[in-house]
Amino acid sequence: MKDFPLNELLSSTDLDKIQESLTLIFGHINRKLKLSPYPIRRALPFVEAISRDFNDQLLRILTSHRLAYTPYETFDRLLAQTMNNFQTWDDLFKEFTSIAREAIKRRGEKFIPIKVNPAHAKLQERIRYLRDWRKQHEQLAVMTGPTKGLGGVRMDVGGMDMEEEVKEAYEVIKRIDVLDVTVEGTEIWVAAENAYNERVSRVENQIIARLRDRLGTARNANEMFRVFSKFNALFVRPKIRGAIQEYQTQLIDSVKEDIKHLHDKFKTQYRFSEAYHMSQMRDLPPIAGTIIWARQIERQLVTYMKRVEDVLGKGWELYAEGQKLQTESAAFRKKLETQPVFDAWRQDIGRRNMVVDGCLFEIVRLRGGGFQLAVNFDPQIITLFKEVRNLLWLNFQVPHTIASLAKDAKRVYSHAVSLMETVRTYGQTLDLVEKNKGIEWLVAEYRNESQRMIAKGALVCILRPAETELMLLGEGMNIRWDHFVNHYDTARYVSNAAEGRDNRHIQFVREFASVVSVLQDKTNNVIDLYKDITHAVEELSTCSYTTEAFSELLTKVQAAIDRLNLEGYANLEHWVAELDKKIEGVLLQRLTQIIHVWCAEFDDDGEGRRDLRDITNKRRNDKRLKEEKFLEMNMTLKPIVHEIRIQNQVIFLDPPIEYARSSWIKQLHDWLGVVCRLRRIQSSRYEIGLQMQEATVAETSYTSLLTRFTDNTLVRPFSLIEIKVQQLKDYVAKWLQFQSLWDLEAEYVFNRLGDSLANWQQLLTEIKKARSTFDTSDTQKSFGVCVIDYEQVQARVNAKYDAWQRDILSRFGVKLGNAMKEMHAAILKARNDLEHQSIEGLVGPTRRF
């Protein structure tokens with residue numbers, strides 16, 4: 001025993017040295033028992049003696065620190081080290097017990113129980129109890145301190161200062177030796193603890209009152225949880241726990257309800273949850289999304305379990321309610337394990353034959369008939385790349401083969417997505433072209449360029465039912481997906497020339513995207529211009545019938561055509577020719593319409609035209625009413641006033657009737673000229689070339705529309721003009737007849753009449769009738785678009801007519817008087833002859849007088 005390290009224990013100055021000395025002492029004893037015949041019976045009392053020295057050393061060191069006065073952090077550290085020493089003793093004693101039993105068996109000695117009564121057992125129990133007690137006191141002191149809600153108000157009802165009360169209660173403990181485990185020391189400890197508990201009990205009552213007040217004023221369960229999580233350190237005190245048990249039950253029910261919602265959410269399955277749609281928006285693949293979703297549910301479950309701990313305090317799983325929740329939570333968390341999901345995905349990927357190869361494009365048959373261009377790239381490979389990326393972020397061990405395939409997919413991912421987007425844009429652009437039939441010619445060049453790129457791009461797979469054909473659309477490169485993968489694998493080893501050759505694959509993807517982008521931009525641009533052009537052409541049929549209105553719309557159309565010309569659209573000449581035909585059709589309708597309006601204006605007189613227009617307007621829609629109103633204000637025929645004048649005894653019409661004819665034809669030409677003089681749209685205003693000198697007017701205007709009428713639409717206005725001219729001639733001829741009043745001589749008339757009273761009487765009757773032409777109160781005669789003014793000649797013709805009538809009546813009176821005299825003489829003579837005849841002479845033949 002000369003080398004026995006007992007002095008290491010006796011000379012220890014701190015707890016760590018004691019722990020090291022215990023290891024040395026028991027190691028020495030165990031070696032002696034194994035190597036020497038040291039009696040076991042003597043070894044047991046020796047161990048008890050070591051226990052007493054161990055106990056004395058602990059008391060010496062701990063007493064020097066004055067545990068009751070040390071801060072809680074130092075106190076807890078010292079007692080934790082002390083408990084570690086006790087644990088070291090227990091572990092070393094167990095090893096000693098085993099070695100001693102083996103020695104007894106090896107020596108064949110009589111069996112004796114390996115048991116000692118350690119002198120430090122009471123101290124160990126006191127240390128353990130004191131540590132728990134100080135922890136509860138510290139929690140109570142902190143909760144009643146000024147930084148916590150319960151100690152925020154220094155004086156409560158009854159004038160109690162809880163912080164001060166706790167400090168005074170602890171002062172009782174400071175006055176005693178807390179490590180005295182003798183009978184007297186134990187009695188002193190019990191008395192001090194009772195005094196402490198008595199004072200602390202009042203603090204607990206105050207805490208209970210305040211805590212119940214806060215829980216009672218909480219508006220919802222979340223506020224209650226916050227209160228419980230803040231003060232759950234006090235729930236280890238039985239009095240406080242019992243006081244808030246009713247609230248605990250309520251909140252535990254709330255937690256159960258939340259957990260039930262988690263169960264319902266999990267049973268809904270990920271694919272039918274809102275998280276699935278959000279994952280798609282965030283580009284999360286299905287498996288990774290499922291794992292993240294399950295882990296989110298697991299985190300929520302942990303949060304709810306933490307709430308249970310906040311409500312029930314530490315050791316909540318020891319309560320009956322807590323045990324049940326713990327069991328259900330463990331079962332649910334087992335269902336939330338994500339490793340089986342990962343394993344199933346790994347096996348599924350292993351069964352599939354997923355490789356990055358094949359041609360770039362494929363043509364698929366649509367269900368409704370027809371074919372569609374698509375990218376020959378399995379979307380599952382893209383999904384695989386994303387799955388591997390996210391699973392690595394989630395700390396899963398992805399097999400090397402799958403990771404290698406994902407790397408290949410990652411290498412071509414950007415090109416595949418670019419091609420898919422380009423093909424999708426190409427299809428959408430073609431749909432736009434199909435919906436806008438009028439622009440096919442304009443974008444044909446860009447469309448052909450895109451198709452040439454597809455043909456250049458290479459081997460296209462045509463998928464048919466029950467068979468697969470490969471068709472080479474071009475003689476260019478045969479680009480395949482494995483070319484992209486191999487390019488990355490060999491890029492660091494090849495020369496610059498080879499690298500440039502391989503870069504053609506990537507260059508093709510970029511060129512194809514650029515060509516389709518140009519097609520899309522040109523198509524969208526021409527659709528906007530085409531809509532503007534179509535709108536302007538439609539407005540030609542409803543706009544005001546003025547040169548300004550038509551010119552403004554055609555200027556817009558021409559500006560759009562010039563823009564198309566500047567931007568280099570193909571087939572513009574043929575497209576403009578078709579557009580010009582549409583414009584001609586619209587303008588031809590406007591010409592037909594305006595001719596009918598002109599005929600209606602020309603054919604009717606003022607009152608009849610006004611009445612007819614009022615009736616017609618009621619039957620027309622608003623647009624036609626506006627047009628009619630505009631026509632009344634601007635497109636009306638100007639009436640022509642002709643004056644019948646007499647000068648130098650000559651009656652004439654001023655201006656002549658031919659002027660009316662020319663004026664009407666000119667107005668008709670002006671109405672038609674609004675359309676016919678419009679400048680025709682052109683497609684080559686920005687083209688440099690020879691201009692034909694003998695170009696006709698029809699090439700730059702719409703005069704040729706006048707030859708497009710299939711019926712007598714254009715003949716009718718000229719016929720109406722001639723009819724109106726004839727009416728004027730007939731009426732003016734009546735006035736010109738009165739020129740004979742000045743040209744004839746009276747003797748000539750009298751000689752022509754002779755002595756025939758019947759002729760004289762007929763002439764007088766005709767004179768009377770002819771007077772109605774000028775013997776009126778009116779001074780003019782209206783023919784609608786023409787007015788004959790005879791005011792100047794009316795009085796002179798009337799006077800001349802009166803003079804002629806007087807002369808003829810005077811001469812007729814002389815003639816009549818002479819005739820009456822002759823008749824009277826004849827009658828008188830006959831009477832005389834009759835009177836001289838005898839009655840007898842009357843018998844005989846009848847005599848004639």
Side-chain angles (χ1 to χ4, degrees), residues 436 438-439 441-442 525-598 623 626-627 630-631 633-637 664-710 713-714 717-718:
N436 298 273
I439 66 171
W441 289 359
L442 297 176
N525 187 26
V526 77
I527 286 175
D528 295 337
L529 293 176
Y530 182 68
K531 289 180 179 178
D532 296 338
I533 292 174
T534 304
H535 182 67
V537 173
E538 291 176 352
E539 285 189 352
L540 286 175
S541 61
T542 58
C543 67
S544 302
Y545 193 83
T546 60
T547 303
E548 293 76 10
F550 284 113
S551 298
E552 181 181 0
L553 294 174
L554 288 180
T555 301
K556 292 181 180 179
V557 175
Q558 185 63 54
I561 293 174
D562 293 341
R563 184 175 174 184
L564 292 175
N565 194 354
L566 283 174
E567 294 181 3
Y569 286 92
N571 304 316
L572 185 61
E573 182 178 357
H574 300 286
W575 185 80
V576 172
E578 292 296 324
L579 177 63
D580 190 48
K581 291 181 181 180
K582 295 180 181 179
I583 295 177
E584 285 183 348
V586 175
L587 295 180
L588 189 62
Q589 293 179 357
R590 295 302 300 271
L591 281 178
T592 303
Q593 176 187 1
I594 204 65
I595 289 175
H596 290 320
V597 173
W598 191 92
K623 189 178 294 184
K626 293 179 181 178
E627 182 179 350
F630 180 81
L631 290 174
M633 295 174 60
N634 296 278
M635 303 302 294
T636 56
L637 291 175
W664 292 333
I665 292 176
K666 182 178 182 301
Q667 291 187 53
L668 176 61
H669 286 177
D670 291 340
W671 283 37
L672 299 178
V674 171
V675 170
C676 293
R677 297 190 187 99
L678 293 174
R679 186 174 182 83
R680 188 182 292 269
I681 59 174
Q682 299 177 3
S683 62
S684 58
R685 294 210 304 177
Y686 280 95
E687 300 296 334
I688 299 178
L690 296 177
Q691 302 295 331
M692 302 298 295
Q693 297 180 355
E694 60 273 10
T696 60
V697 179
E699 294 178 355
T700 58
S701 65
Y702 290 96
T703 307
S704 60
L705 291 178
L706 298 177
T707 63
R708 303 288 182 84
F709 294 106
T710 57
T713 302
L714 192 59
F718 292 98

Are side-chain heavy atoms of [X] and [Y] found at a separation under 4.5 Å?
X: Leu579; Y: Ile561; value: yes
X: Arg590; Y: Val674; value: no
X: Leu588; Y: Tyr702; value: no
X: Leu705; Y: Glu584; value: yes
X: Trp598; Y: Leu672; value: no
X: Ile595; Y: Trp671; value: no

Can you tell me how far the [atom1] atom of [X] sits from the [atom2] atom of [Y], to the nearest 0.5 Å?
X: Gln593; Y: Leu587; atom1: CD; atom2: CG; result: 12.0 Å
X: Gln682; Y: Thr700; atom1: CD; atom2: OG1; result: 7.5 Å
X: Thr534; Y: Ile527; atom1: OG1; atom2: CD1; result: 11.0 Å
X: Leu540; Y: Glu552; atom1: CG; atom2: CD; result: 11.0 Å
X: Asn436; Y: Leu442; atom1: CG; atom2: CG; result: 11.0 Å
X: Leu529; Y: Glu567; atom1: CG; atom2: CD; result: 6.5 Å

Sub-3.5 Å donor-acceptor pair from the side chain of Arg679 to the main-chain atoms of Leu554, do we have one?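 No; judged by distance alone, with no hydrogens or angles, the pair does not exist.
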Backbone N/O of Glu548 and side chain of Ser551: donor-acceptor pair under 3.5 Å: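 Flag not set: sc Ser551 to bb Glu548 has no pair under 3.5 Å.
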Search all heavy atoms of [X] against all heavy atoms of [Y] and return the closest pair with its distance.
X: Val586; Y: Ser541; value: CG1-N, 3.6 Å
X: Leu706; Y: Leu714; value: O-CD2, 3.7 Å
X: Ser544; Y: Ala549; value: O-CB, 3.3 Å

Tell me which donor-acceptor pairs under 3.5 Å the side chains of residues 569-578 have, and how far apart each pair is, sequence neighbours excluded?
residue, atom, partner, partner atom, Å
Tyr569, OH, Lys522, O, 2.9
Asn571, ND2, Trp441, O, 2.9
Trp575, NE1, Gly438, O, 2.5

Excluding sequence neighbours, so at least two apart, what forms side chain to side chain donor-acceptor pair (under 3.5 Å) with His535?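 Glu539.
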My understanding is that only residues two or more places apart in sequence, or in another chain, count here; which of them pass side chain to side chain donor-acceptor pair (under 3.5 Å) with Lys666?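 Side chain to side chain donor-acceptor pair (under 3.5 Å) list for Lys666, sorted by chain: Asp670.
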Check the pair Asp580, Arg680 against salt bridge (Lys or Arg N to Asp or Glu O under 4.0 Å), reporting the backbone distance first and the verdict last. CA-CA 8 Å; Asp580 190 48; Arg680 188 182 292 269; 2.5 Å; yes
